[in-house]
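In this chain, residues are counted from 1 in sequence order. Computation of the quantities below employed the complete heavy-atom set of this structure, encompassing side-chain atoms and omitting hydrogens, waters and symmetry-equivalent molecules. All ligand and atom numbering here is 1-based and tracks the order in the structure.
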Amino acid sequence: MKARCTECGTRYSMDSIRYECRCGGLLELVQDFRGVDAEQLKREFAKRLGERHTPLASGVWRYKELIAPELPLEALVTKGEGNTGLYSPPAVTSYAGCRRLWLKALGENPSGSFKDHGMTAAVSHGRFLGFRRFACSSTGNTSSSLAMYAALMGGEAHVYVPEGTVSENKVLQTLAYGAVVHRFAGTYDDGIRFLREQAGELGLYVGNSVNPFRIEGQKSIIYETAQDLSWQLPDWIVLPGGALSNVSALGKGLRDLYELGFIPRLPRVAVVQAEGASPFHRMMEAGAAELVPEPAPSTRASALNIGHPPSWRKAALVLQETKGVTVAVTDEDILNAKAVVDASGVGCEPASAAAVAGLRRLVSHGIIDREETAVCLLTGHLLKDTDAVGAYHLGGGPEALYANKMNRVRL
Ligand SMILES: Cc1ncc(COP(=O)(O)O)c(C=O)c1O
Ligand SMILES: N[C@@H](CCOP(=O)(O)O)C(=O)O
């Protein structure tokens, strides 16, 4: 397996794990699709949809040839991730305001978030290299996912979680899977800096999205969405942005699908940030060449509480290639959109609802036309943050659509 620096182009053989180039740029894996018979692969992907209890039945490993062709099947640490629903509830479509909307419910993954798509790839690769100790910095979902896969292979997880700002549900889930949770004063960004400096010395395999194998696994989100839609993607893909791993993976996956001829054109991509943690949106809006980190990010969508997204350069390239846009939404917008998504029966955590809030704003500002179509990536499950649900429905939340609907009755 080979990797290339996304900034200076230096190539590395990936016989051992490496997260960044000597120049400091992030790496991406180089896939060689020469000799791939795309039509034959498409038939194979369709066939695997009907399989059960084999690694290739996973919504990630179904696409193994495009993700990690060299990894032996026995190395895979998988829990049948992916294979999540794609829904079109009319109430959310009319709230967002575009002609047709699909919600990709990534919260249906085994640990409850989209992270499983990338983490199965990272932990499998770590195991293949002989690692037993895994680590991450996390706002809660990466840690739950890493802890789950590390436990599944009989390894250890060491997770670094900011004190006080992460959903307690996620911390408990991570602990329950047997991880050692290191809490610290600071943000996700401080944890990433610590691991960049110390992971090698401590013999830890890092499962964060600075790891190019994480990104390769996460590409399967767009492969699966495209296959769900018979390889006809809508005009827009709208997703929340924090560390910007998901938009980077989305862009790489779209390039693959286009290069292989699976899709005839690239959809446009919209990245939605929470106003209190929106350094990438501010950079794009200003047309600046460099990202200015936000030293004290703050949003109720705690998964997005990131001030220095490691993948911002990869993300900027994806927006350039897809004629994409960014937008920032308030916490109130996010919680209102979440109430609509929850009441539609699909449900999601606050960070995911940012995608729907962002789509609504982009439609109302005429940036997305009402006649256009979109997929919103709903990245995490409703039960990932029950404090947010309680605050909204039982008082203390913003005044809005479905608030305080609970009755107390005497039977
Ligand atoms: C539920 C959820 N949604 C969205 C995001 C943002 O994704 P990314 O960090 O890949 O931009 C995260 C994590 O950052 C998350 O946990
Ligand atoms: N929301 C994420 C933060 C970003 O993590 P990374 O895995 O992309 O490095 C989390 O759940 O920790």
Side-chain angles (χ1 to χ4, degrees), residues 19 26 104-107 109 111-119 121-123 134-148 159-162 165-167 169-171 173-174 179 181 187-193 195-196 199 206-215 217-219 221 238-252 269 271-274 277-281 297 299 301-312 314-315 318 326 334 338 341 347-356 358 376-385 388:
Y19 310 104
L26 288 184
K104 182 66 174 163
L106 298 163
N109 270 295
S111 83
S113 86
F114 75 103
K115 304 287 178 171
D116 296 347
H117 280 258
M119 204 59 80
V123 171
F134 296 83
C136 67
S137 170
S138 181
T139 57
N141 282 327
T142 297
S143 61
S144 312
S145 185
L146 181 101
M148 184 184 78
V159 312
Y160 293 81
V161 176
T165 52
V166 170
S167 153
N169 300 123
K170 297 177 185 177
V171 179
Q173 183 186 9
T174 303
V181 177
T187 64
Y188 160 90
D189 313 299
D190 301 303
I192 286 288
R193 191 170 25 79
L195 287 174
R196 272 183 156 158
V206 176
N208 282 106
S209 54
V210 291
N211 179 330
F213 287 89
R214 253 285 303 278
I215 301 293
Q218 254 169 249
K219 291 188 315 189
I221 294 173
V238 186
L239 76 170
L244 304 172
S245 77
N246 217 18
V247 60
S248 305
L250 168 65
K252 194 159 193 282
V269 171
V271 174
V272 186
Q273 293 209 289
S278 53
F280 184 63
H281 168 64
T299 166
S302 57
L304 304 180
N305 216 27
I306 293 169
H308 193 178
S311 297
W312 69 266
K314 288 186 180 181
V318 175
T326 62
I334 291 173
K338 174 176 151 54
V341 175
C348 67
E349 67 166 281
S352 318
V356 174
C376 282
L377 300 184
L378 296 186
T379 43
H381 197 279
L382 184 154
L383 294 176
K384 280 284 192 173
D385 189 344

Visitor: Decide whether Asn305 and Thr299 meet the rule of one side-chain donor and one side-chain acceptor closer than 3.5 Å.
Guide: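 There is no such pair (donor and acceptor under 3.5 Å, judged by atom type) between the side chains of Asn305 and Thr299.
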Visitor: For ligand 2, does Ser138 get within less than 4.0 Å through its side chain, its backbone, both, or neither, judged by non-hydrogen atoms?
Guide: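 Answer for Ser138: both.
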Visitor: Could you tell me which non-hydrogen atom of Ala355 sits nearest to which non-hydrogen atom of Val238, and how far apart they are?
Guide: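 Reported closest heavy-atom pair: O-CG1, 3.5 Å.
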Visitor: Hey, which atoms in ligand 2 end up nearer than 4.0 Å to a heavy atom of Ala243?
Guide: 4 (C), 8 (O)
Visitor: Specify the protein heavy atom at minimum distance from atom 1 (N) of ligand 2: its residue, its atom name, and the distance to 0.1 Å.
Guide: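 Atom 1 (N) of ligand 2 sits closest to the protein heavy atom Thr139 OG1, 2.9 Å.
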Visitor: For ligand 2 and Tyr188, I'd like to know whether there is a polar contact (N/O to N/O, distance under 3.5 Å).
Guide: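 Tyr188 vs ligand 2: N/O contact under 3.5 Å present.
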Visitor: Which of the atoms of ligand 2 are close to Ser245, meaning less than 4.0 Å from one of its heavy atoms?
Guide: 8 (O)
Visitor: Using a 4.0 Å cut-off to any heavy atom of Ala303, which atoms of ligand 2 qualify?
Guide: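 Numbered from 1, ligand 2 contributes 1 (N).
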Visitor: Tell me the protein heavy atom at minimum distance from atom 6 (P) of ligand 2, and give that distance in Å.
Guide: Ser209 OG, 3.4 Å
Visitor: Looking at Lys170 and Glu349, what are the two nearest heavy atoms and their distance?
Guide: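 Heavy-atom minimum between the residues: NZ-OE1, 2.7 Å.
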Visitor: Please list, in number order, the atoms of ligand 2 under 4.0 Å from a heavy atom of Lys115.
Guide: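 Under 4.0 Å from Lys115, ligand 2 has these atoms: 1 (N), 2 (C), 3 (C), 4 (C), 5 (O), 6 (P), 7 (O), 8 (O), 10 (C), 11 (O).
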Visitor: Which heavy atom in Met119 sits nearest to a heavy atom in Ser145, and how many Å separate them?
Guide: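 Of all heavy-atom pairs spanning Met119 and Ser145, the closest is CB-OG, 3.2 Å.
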Visitor: Less than 3.5 Å apart, any donor N or O on the side chain of Ser245 or Gln218 sitting next to an acceptor on the other?
Guide: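 Yes, because at least one side-chain N or O of Ser245 sits under 3.5 Å from a partner of the opposite role on Gln218.
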Visitor: Out of Asn141, Leu146, Asn246, Asn208, which one pairs with Lys115 under the side-chain contact (heavy atoms from CB on, under 4.5 Å) rule?
Guide: Asn141
Visitor: Do side-chain atoms of Gln173 reach the backbone of Ser144 as a donor and acceptor pair under 3.5 angstrom?
Guide: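 Flag not set: sc Gln173 to bb Ser144 has no pair under 3.5 Å.
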Visitor: Enumerate the pairs of nitrogen or oxygen atoms, one from ligand 1 and one from the protein, separated by less than 3.5 angstrom; state names and distance to 0.1 Å.
Guide:
residue, atom, partner, partner atom, Å
ligand 1, 3 (N), Thr379, OG1, 2.6
ligand 1, 9 (O), Ala243, N, 2.7
ligand 1, 10 (O), Ser245, N, 3.0
ligand 1, 10 (O), Ser245, OG, 2.5
ligand 1, 10 (O), Asn246, N, 2.8
ligand 1, 11 (O), Gly242, N, 2.7
ligand 1, 11 (O), Ala243, N, 3.4
ligand 1, 11 (O), Leu244, N, 2.8
ligand 1, 14 (O), Ala303, O, 3.4
ligand 1, 16 (O), Asn141, ND2, 2.8

Visitor: Closer than 4.0 Å to some heavy atom of Ile306 - which atoms of ligand 2 meet that?
Guide: 3 (C), 4 (C)
Visitor: What is the minimum heavy-atom distance between Lys384 and Ser167, and which atoms define it?
Guide: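 Minimum heavy-atom separation between Lys384 and Ser167: O-OG, 2.6 Å.
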Visitor: Keeping Arg214 on the side-chain end and Gly207 on the backbone end, is there a donor-acceptor pair under 3.5 Å?
Guide: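 It does hold such a pair.
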Visitor: Go through ligand 2 atom by atom and flag the ones less than 4.0 Å from a non-hydrogen atom of Thr142.
Guide: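 Per the distance check, 2 (C), 5 (O), 6 (P), 7 (O), 10 (C), 11 (O), 12 (O).
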Visitor: Might you point out which heavy atoms bring Ser352 and Gly380 nearest each other, and give the distance in Å?
Guide: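 Closest heavy-atom pair between Ser352 and Gly380: OG-N, 2.8 Å.
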Visitor: Please list, chain by chain and in numerical order, all residues satisfying side chain to side chain donor-acceptor pair (under 3.5 Å) with Ser278, sequence neighbours excluded.
Guide: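 Ser278 satisfies side chain to side chain donor-acceptor pair (under 3.5 Å) with no other residue.
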Visitor: Does some non-hydrogen atom of Lys170 fall short of 4.0 Å from ligand 2?
Guide: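 Flag not set, Lys170 not near ligand 2.
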Visitor: Taking all non-hydrogen atoms of both residues into account, name the closest pair between Tyr188 and Ala243 and its distance.
Guide: OH-CB, 3.7 Å
Visitor: Which ligand 2 atoms does Asn141 reach within 4.0 Å, using its non-hydrogen atoms?
Guide: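 In order of numbering, the contacting atoms are 10 (C), 11 (O).
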